[in-house]
Amino acid sequence: MGLFFIFWIVFQLLTGINLILPLLLYILRVFKKKEMLNPAVQGAYDYAVIVTAYEQTTMLPSVVDSILKLNYHNYLIYVVADKCDISGLNFKDERVVLLRPEETLASNTKSHFYAINNFKRAHDYLTIIDSDNLVDPEYLNELNKFFDAEYIAVQGVRSAKNLNTSYACLDEAGDMYYRFIDRKLMFDVGSSASLAGSGMAFSTAFYKECLENLDIEGAGFDKVLQMEILNRGYRIAFAEKAVVYDEKTSKSGQLVNQRARWINTWFKYAGKGVKLVGTGLKNLNRNQFLCGLVFSRPPLFIVVGLSGLCILIDLFFFPEQLVFWLFAVLSFFYIFFVSLSYFKAPKIIYQSLVRIPVFIFYQILSLLKAKKANKISTATQHYYESKIDDVDKTAQ
């Protein structure tokens, strides 16, 4: 009984800390001096804007149109249309370079390096944009503030371009929660923002150094890249005004397949997060330690499920431990609603919260499909078409 009791305590702590850590970060940021950036951008850096598409091209005209409307002049757009029919694409602007690989790449990093190997000139920085994204006009100007401050890796904000279904609203609510914790709070306390797959920028030379010699299959290239950056001792900045608008999952099938790949990625790379925690402790490196905790954290629906199981068992066998869970649950809800408030969630998102159980149910289905996730589909199917001018009218 004694050994089991110790195991049970440890298990609950490891589960509950995932609900409490955000509150600890929120408190810690109060004692951290705010980083000041020069509001007057000094550099007019040369950017390569890499847009990757796989099989689908319907949204490419919209994303390219939004990039061409940037309030910036020194950039070229490289559109990598992997396994795509490009006969219907006609980009007349000389700043757009359309690339169609002869062989299927089926890999984010391979598409990125296909673009890099076809650069028209030596760009200072590159930024990665998905084919379903739309880019805010001030995006590159906001990135420049951090490159002026000598950061070599920056993550921007991926805000919703569609809130047309309850699934999309809940997807954005979850994104706001993670955006607040994994990016804003982590960066505010002196650690690194988590990479999000798009809306991120790097020194071109540094990106090549990190990934050029790695062969990354399936989803999760951003996890590998983040680990490479952290292992080199660098921080990833969070540019919360560098915004790209991202399509949120609006259909149940789309949600299941996307989350299955994400869960598969977590199982694949969680061990590296645990190792990074150890590295951070060994080096007394706050950046590596905190990022390791975030990197190894299970998906939220798993944490919620395990927490519910713990509460149920404690209710019958260890009622004195329910105090811990009361604190953990209250901590979670407090930070969750702070995150929605901070990013100015519209009323429709709050109204969608009643459908969270359905959203969790579909993520449980995703868990069952996670093992074969990369065989289901290589990329998320996109359905919501819009222009940057449409998004600006309803942007938060």
Side-chain angles (χ1 to χ4, degrees), residues 10-35 155-160 170-196 222-223 226 230 235-240 259 262-263 266 269-270 273-274 276-277 280-281 285-311 321-345 349-350 353 356 359-360 363:
V10 171
F11 178 79
Q12 289 187 97
L13 287 174
L14 291 176
T15 302
I17 193 62
N18 293 289
L19 301 178
I20 297 172
L21 179 62
L23 179 63
L24 298 180
L25 293 175
Y26 188 70
I27 295 171
L28 181 61
R29 70 193 283 262
V30 176
F31 302 98
K32 183 75 170 62
K33 186 178 179 180
K34 188 174 181 180
E35 208 158 344
Q155 175 64 58
V157 164
R158 300 205 311 172
S159 186
L170 290 172
D171 194 6
E172 175 67 353
D175 190 77
M176 287 179 172
Y177 175 72
Y178 283 124
R179 189 190 309 161
F180 188 69
I181 300 164
D182 295 3
R183 298 182 182 98
K184 177 168 179 58
L185 291 186
M186 288 285 285
F187 185 59
D188 283 354
V189 300
S191 187
S192 286
S194 295
L195 296 179
D222 51 329
K223 303 294 184 186
Q226 184 170 328
L230 294 170
R235 288 178 65 204
I236 303 167
F238 176 52
E240 60 182 279
R259 291 305 198 271
W262 290 4
I263 295 166
W266 175 73
Y269 295 111
V274 175
L276 189 62
V277 171
L281 288 172
N285 186 302
R286 180 196 314 175
N287 183 26
Q288 292 175 332
F289 174 73
L290 289 176
C291 284
L293 290 178
V294 169
F295 211 85
S296 57
R297 175 195 58 203
L300 184 57
F301 82 95
I302 293 179
V303 174
V304 170
L306 291 176
S307 299
L309 177 64
C310 290
I311 292 172
Q321 295 179 27
L322 290 173
V323 175
F324 168 77
W325 286 110
L326 177 62
F327 176 71
V329 170
L330 290 177
S331 298
F332 166 73
F333 278 112
Y334 177 73
I335 295 299
F336 180 77
F337 285 105
V338 165
S339 66
L340 296 188
S341 175
Y342 183 84
F343 290 111
K344 298 179 174 59
I349 287 183
Y350 289 98
L353 297 181
I356 284 178
F359 199 74
I360 291 177
Q363 292 189 79

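In this chain, residues are counted from 1 in sequence order.
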Donor-acceptor pair, distance only, cut-off 3.5 Å: does the side chain of [X] make one with the backbone of [Y]?
X    : Y    : value
R235 : F187 : yes
W266 : R297 : yes
S341 : F337 : no

A side-chain contact here means heavy atoms from C-beta on lying under 4.5 Å apart; do [X] and [Y] qualify?
X    : Y    : answer
I335 : Y177 : yes
R29  : L185 : yes
R179 : S339 : no
C310 : W325 : yes

For residues 14-28, run the donor-acceptor check on the side chains, cut-off 3.5 Å, and write out each pair with its distance to 0.1 Å, sequence neighbours left out.
{"from": "T15", "atom 1": "OG1", "to": "F11", "atom 2": "O", "distance (Å)": "2.9"}
{"from": "N18", "atom 1": "ND2", "to": "L14", "atom 2": "O", "distance (Å)": "2.9"}
{"from": "N18", "atom 1": "ND2", "to": "T15", "atom 2": "O", "distance (Å)": "3.2"}

Could you go step by step and tell me if L322 and L326 meet the side chain to side chain contact (heavy atoms under 4.5 Å, CB included) rule? CA-CA 6 Å; L322 290 173; L326 177 62; over 6 Å; no
For A193 and F238, which heavy atoms make the closest approach, and how far apart are they?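 That closest heavy-atom pairing would be CB-CB, 3.7 Å.
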Nearest atoms (heavy-atom pairs only) where R183 meets S194: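 R183 and S194 have their closest heavy atoms at NE-O, 2.9 Å.
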Which residue in the set L300, I181, L353 passes side chain to side chain contact (heavy atoms under 4.5 Å, CB included) when paired with F336?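 Only match with F336 under side chain to side chain contact (heavy atoms under 4.5 Å, CB included): L353.
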Apply side chain to side chain contact (heavy atoms under 4.5 Å, CB included) to residues F359 and R259 and explain how you reach the verdict. CA-CA 11 Å; F359 199 74; R259 291 305 198 271; 3.5 Å; yes
From [X] [atom1] over to [Y] [atom2], what is the distance, rounded to the nearest 0.5 angstrom?
X    : Y    : atom1 : atom2 : answer
R158 : D175 : CZ    : CG    : 7.0 Å
M176 : F343 : CE    : CZ    : 8.0 Å
I311 : Q12  : CD1   : CD    : 9.0 Å

Looking only at the side chains, is there a donor atom on one of Y342 and E240 sitting less than 3.5 Å from an acceptor on the other?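 Note: Y342 and E240 side chains meet the donor-acceptor criterion.
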Please output the side-chain donor-acceptor pairs of residues 286-296 that fall under 3.5 Å, not counting sequence neighbours, one pair per line with the distance.
{"from": "R286", "atom 1": "NH1", "to": "V189", "atom 2": "O", "distance (Å)": "2.4"}
{"from": "N287", "atom 1": "OD1", "to": "S191", "atom 2": "OG", "distance (Å)": "3.0"}
{"from": "N287", "atom 1": "OD1", "to": "S192", "atom 2": "N", "distance (Å)": "3.1"}
{"from": "N287", "atom 1": "OD1", "to": "S192", "atom 2": "OG", "distance (Å)": "2.9"}
{"from": "N287", "atom 1": "ND2", "to": "S192", "atom 2": "OG", "distance (Å)": "3.4"}
{"from": "N287", "atom 1": "ND2", "to": "Y234", "atom 2": "O", "distance (Å)": "3.0"}
{"from": "Q288", "atom 1": "OE1", "to": "N283", "atom 2": "ND2", "distance (Å)": "3.2"}
{"from": "Q288", "atom 1": "NE2", "to": "L230", "atom 2": "O", "distance (Å)": "3.0"}
{"from": "S296", "atom 1": "OG", "to": "G292", "atom 2": "O", "distance (Å)": "2.8"}
{"from": "S296", "atom 1": "OG", "to": "L293", "atom 2": "O", "distance (Å)": "3.3"}

Checking side chain to side chain contact (heavy atoms under 4.5 Å, CB included) for the pair D188/K32: CA distance, chi angles, key distance, verdict? CA-CA 7 Å; D188 283 354; K32 183 75 170 62; over 6 Å; no
Would you sort out whether F327 and V323 count as a side chain to side chain contact (heavy atoms under 4.5 Å, CB included), showing the intermediate values? CA-CA 6 Å; F327 176 71; V323 175; 5.9 Å; no
